[in-house]
Amino acid sequence: MPSLSPTMTSGNVGTWRKQVGDSISPGDVLVEIETDKAQIDFECHEEGYLAKILVESGEKNVDPIAILAEDNNDVKKFEDYVPEQSSAPPKAESAEKDEKTPKQDVQQEEPQKQQEPKKSHVSGDRILASPVARKLAAERGISLDQVAGTGPKNRIIKADILNFVAPATEQPTPSQHAEPSSSYTDIPLTNMRKIIASRLSESKQSIPHYYLTIEVEVDKLLELREVLNKDSDGKYKISVNDFVIKSSASALMAMPEVNSSWHNDFVRQYNYADISVATATPTGLLTPIIRNAHTKGLETISNQAKELAVRAREGKLSPHEFQGGTFTISNLGMFGIKNFTAIINPPHSCILAVGTTQKKLVPDSSKETGYRIATTMHVTLSCDHRVVDGALGAQWLRVWRTYIENPLKLLL
């Protein structure tokens, strides 16, 4: 199982791009691997022939996954190959042998013990089972350590899973919970969901969050957006979030103290603004990055943000496209959310939560009526108090406001 990203500790096997007997050259995509963040193509660095697929699509946390042969004539030799057992006899097996030798009469008096299934052979920490049996067991919610293997060396085969009968005292499995008659459904966690849960829990527990909320007027922004989109000739379609990204990058360059991260013994201050944009995907939250956003125009930011979001939802981002960044933006305005607080995305020190726009009456003595109708938007800045003090966070929001309420400044 290859390690395809710095945070990857386990992986799932996706679609095999090569079949047994296929020739493989360096750079060829061998198989798709689901990491903690995305579905990534595993490019083989060796030359040879795919002799054996040891793990079928859908299996998790497995190693090894395949065998390569240098000579095409050797492929057939691995047709019935089973991974070798550990050289040291498994403790579970030796314990069973010790229990069988001494007291046969006592065992005959306890028929319940005779009914217990014979444990399948264990190689190291792994139960020997065919890929088909593993997949079928996962689909049926059957734990392999409860199944008696009837294959060679007690290997669990497909027939063992089909014939398996759960003990009467066994607790309901996730698959059993999913029956129509059940009152709830247990959904297995993906690697990505596990990593998201772990990182957000760590962030909330270890980072001293505090929150600053302001309300800004966006009428000038909406007018400029309308003018720019009318003259786009289909080359771009700028959104409010594109202005938020550009304004954030400009404010970070104006106040680099906020564009920093905590590193225990020091605070690292960045000389560039890489903006991570929180994006919802079918498998969880990803944060594709607009690199050097402070140097890019609204058109480039808009097109790049849309392209990254599409590939994020398709699981086609490369690790460098969502790992890193210096600042995060999370926008739920399109869902009608007025305001919310977001959890900081380590190692960033801040995340800006953006709400929806709404019209309201604003006092205005220059108007005959004494008021005017303005379009406003609430944003909340979550800050790491170890890096960004309250006054510093407030100053940054003041600078950010000048860009968002006077968007022509972004063109300077």
Side-chain angles (χ1 to χ4, degrees), residues 1 7-15 32-39 55-62 112 115-117 119-120 125-127 129-149 156 158-206 209 278-287 309 312-315 322 330-345 353:
M1 175 67 71
T7 60
M8 179 179 172
T9 57
S10 61
N12 300 345
V13 176
T15 303
E32 293 179 355
I33 300 294
E34 179 190 344
T35 71
D36 51 353
K37 288 289 187 181
Q39 193 93 359
V55 181
E56 298 298 333
S57 299
E59 295 211 26
K60 304 179 180 180
N61 306 335
V62 285
Q112 290 183 351
Q115 294 174 3
E116 293 181 0
K119 296 294 182 182
S120 299
D125 294 329
R126 184 184 179 198
I127 298 175
S130 69
V132 176
R134 287 182 180 275
K135 184 176 181 181
L136 189 59
E139 293 173 349
R140 299 191 174 196
I142 298 174
S143 177
L144 292 177
D145 59 7
Q146 295 180 332
V147 182
I156 298 174
K158 179 180 179 181
D160 298 329
I161 303 299
L162 295 175
N163 298 329
F164 175 75
V165 178
T169 58
E170 185 181 18
Q171 295 296 320
T173 63
S175 293
Q176 291 169 336
H177 288 323
E179 294 297 326
S181 60
S182 177
S183 59
Y184 60 88
T185 301
D186 290 339
I187 302 174
L189 295 177
T190 62
N191 285 343
M192 182 174 173
R193 176 55 62 185
K194 291 178 182 178
I195 294 297
I196 291 174
S198 174
R199 286 175 60 83
L200 291 181
S201 297
E202 180 184 359
S203 172
K204 195 66 174 176
Q205 293 168 7
S206 63
H209 287 59
T279 304
T281 74
T283 54
L285 189 69
L286 279 179
T287 52
R313 296 185 183 99
E314 294 174 349
F322 56 81
S330 180
N331 191 336
L332 294 179
M334 66 286 295
F335 298 106
I337 302 301
K338 182 179 179 181
N339 58 66
F340 67 102
T341 57
I343 300 175
I344 294 173
N345 177 32

Original post:
If you measure from CD1 on Ile142 to CZ on Arg134, what distance do you get to the nearest 0.5 Å?
Top reply: 13.5 Å
Original post:
Just wondering, do Ile195 and Met192 contact through their side chains at under 4.5 Å, heavy atoms?
Top reply: no
Subject >> Counterpart residues, side chain to side chain contact (heavy atoms under 4.5 Å, CB included), relative to Lys158 (two or more places apart) >> reply: Val132, Leu136, Leu162
Original post:
Do you know which two heavy atoms are closest between Leu286 and Ala312, and how far apart they sit?
Top reply: CD1-O, 3.9 Å
**OP:** Compare every heavy atom of Leu144 with every heavy atom of Ala137, then report the nearest pair and how far apart it is.
**Re:** CB-CD2, 3.7 Å
Original post:
Rounded to the nearest 0.5 Å, how far apart are CG of Leu200 and CD of Gln205?
Top reply: 10.5 Å
Original post:
Between the side chain of Ser130 and the main-chain N/O of Ala133, is any donor-acceptor distance below 3.5 Å?
Top reply: yes
**OP:** Find out whether Arg199 and Asn345 are in side-chain contact, i.e. whether some heavy atom of one side chain is under 4.5 Å from a heavy atom of the other.
**Re:** yes
**OP:** Can you sort out the partners of Asn339 under side-chain hydrogen bond (donor to acceptor under 3.5 Å, both in side chains), two or more places apart, ordered by chain and number?
**Re:** none
Original post:
What closest approach, in Å, do Ala342 and His209 show between heavy atoms, and which atom pair accounts for it?
Top reply: O-CD2, 4.3 Å
**OP:** Only counting residues at least two apart or in another chain, list the ones meeting side chain to side chain contact (heavy atoms under 4.5 Å, CB included) with Ala280.
**Re:** none
Original post:
In Å and rounded to the nearest 0.5 Å, what is the CD to CD1 distance from Glu202 to Ile343?
Top reply: 12.0 Å
Subject >> Partners meeting side-chain hydrogen bond (donor to acceptor under 3.5 Å, both in side chains) with Lys204 (sequence neighbours left out) >> reply: Tyr211
**OP:** Measure across Ala278 and Thr287 and return the closest heavy-atom pair with its distance rounded to 0.1 Å.
**Re:** CA-CG2, 4.0 Å
Original post:
Which heavy atom in Val147 sits nearest to a heavy atom in Ser143, and how many Å separate them?
Top reply: CG2-O, 3.7 Å
Original post:
Between Phe340 and Ser330, which heavy-atom pair has the shortest distance, and what is it?
Top reply: CZ-O, 3.4 Å
**OP:** Just jot down the side chain to side chain contact (heavy atoms under 4.5 Å, CB included) partners of Asn331, sequence neighbours excluded, or say none.
**Re:** Asn241, Met334, Val354
